[in-house]
Amino acid sequence: MALTSQNWQPTAVRQEAIQRAHREWMVEYGEEPRVSDLAKAVGLAPSTISLQLKRLRAAGVDIRTRGPRASRKCPHCGEWS
């Protein structure tokens, strides 16, 4: 979904949504989400998520994300994709 004047949100609202999505991901999967996972959950571009994460971290909020998996093995079920 492209950010337009019709779906624009203040920074604080975006950051709250990112923090909420991060908490929900941690509860459901027990590991840090990727930036792309947060982008999909919040409905923003990955570049926007990265910018907001940078701002949150600068403000002292500890939100960790993970990079791409080293292998194609699912950490949840152990099957290869």
Side-chain angles (χ1 to χ4, degrees):
M1 172 167 72
L3 189 62
T4 65
S5 60
Q6 295 165 347
N7 64 0
W8 180 86
Q9 299 173 338
T11 299
V13 173
R14 290 182 193 178
Q15 290 178 353
E16 289 171 15
I18 291 167
Q19 289 177 303
R20 184 174 40 255
H22 186 272
R23 281 191 304 271
E24 290 171 359
W25 185 276
M26 291 292 293
V27 168
E28 186 171 345
Y29 297 105
E31 66 181 6
E32 292 91 7
R34 294 175 296 185
V35 170
S36 60
D37 297 326
L38 290 173
K40 186 175 180 182
V42 178
L44 296 170
S47 60
T48 303
I49 298 295
S50 294
L51 174 65
Q52 296 304 327
L53 288 174
K54 189 180 294 185
R55 290 178 177 172
L56 284 165
R57 290 173 181 144
V61 179
D62 184 27
I63 293 187
R64 298 179 188 212
T65 56
R66 63 182 168 90
R69 293 186 193 114
S71 70
R72 301 299 298 169
K73 190 173 184 180
C74 177
H76 309 294
C77 66
E79 292 186 20
W80 293 91
S81 57

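Along the sequence shown, residues are numbered consecutively beginning with 1. Every value quoted in this text rests on a predicted model; they were computed, and no experiment measured them.
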> Rounded to the nearest 0.5 Å, how far apart are CG of L38 and CD of E24?
Replying inline: 10.5 Å

> If you look at every heavy atom in R14 and Q52, which pair is closest and at what distance?
Replying inline: NH1-NE2, 4.0 Å

> For R64, what residues pass the salt bridge (charged side-chain N to carboxylate O under 4.0 Å, His left out) criterion, not counting sequence neighbours?
Replying inline: D62

> Hey, quick one: are Y29 and I63 part of the same hydrophobic cluster, counting side-chain heavy atoms closer than 4.5 Å, chains of contacts allowed?
Replying inline: no

> When rounded to the nearest 0.5 angstrom, what distance separates CD1 in I18 from CG in L44?
Replying inline: 6.0 Å

> Is E31 close to W25 at the side-chain level, that is, under 4.5 Å between some pair of heavy atoms?
Replying inline: yes

>> One pair to check against salt bridge (charged side-chain N to carboxylate O under 4.0 Å, His left out): D37 and K40. What are the steps and the verdict?
In response: CA-CA 5 Å; D37 297 326; K40 186 175 180 182; over 6 Å; no

> Which heavy atom in A21 sits nearest to a heavy atom in V42, and how many Å separate them?
Replying inline: CB-CG2, 3.9 Å

> What residues join L51 in its hydrophobic cluster, counting side-chain heavy atom gaps under 4.5 Å, either direct or through other members?
Replying inline: none

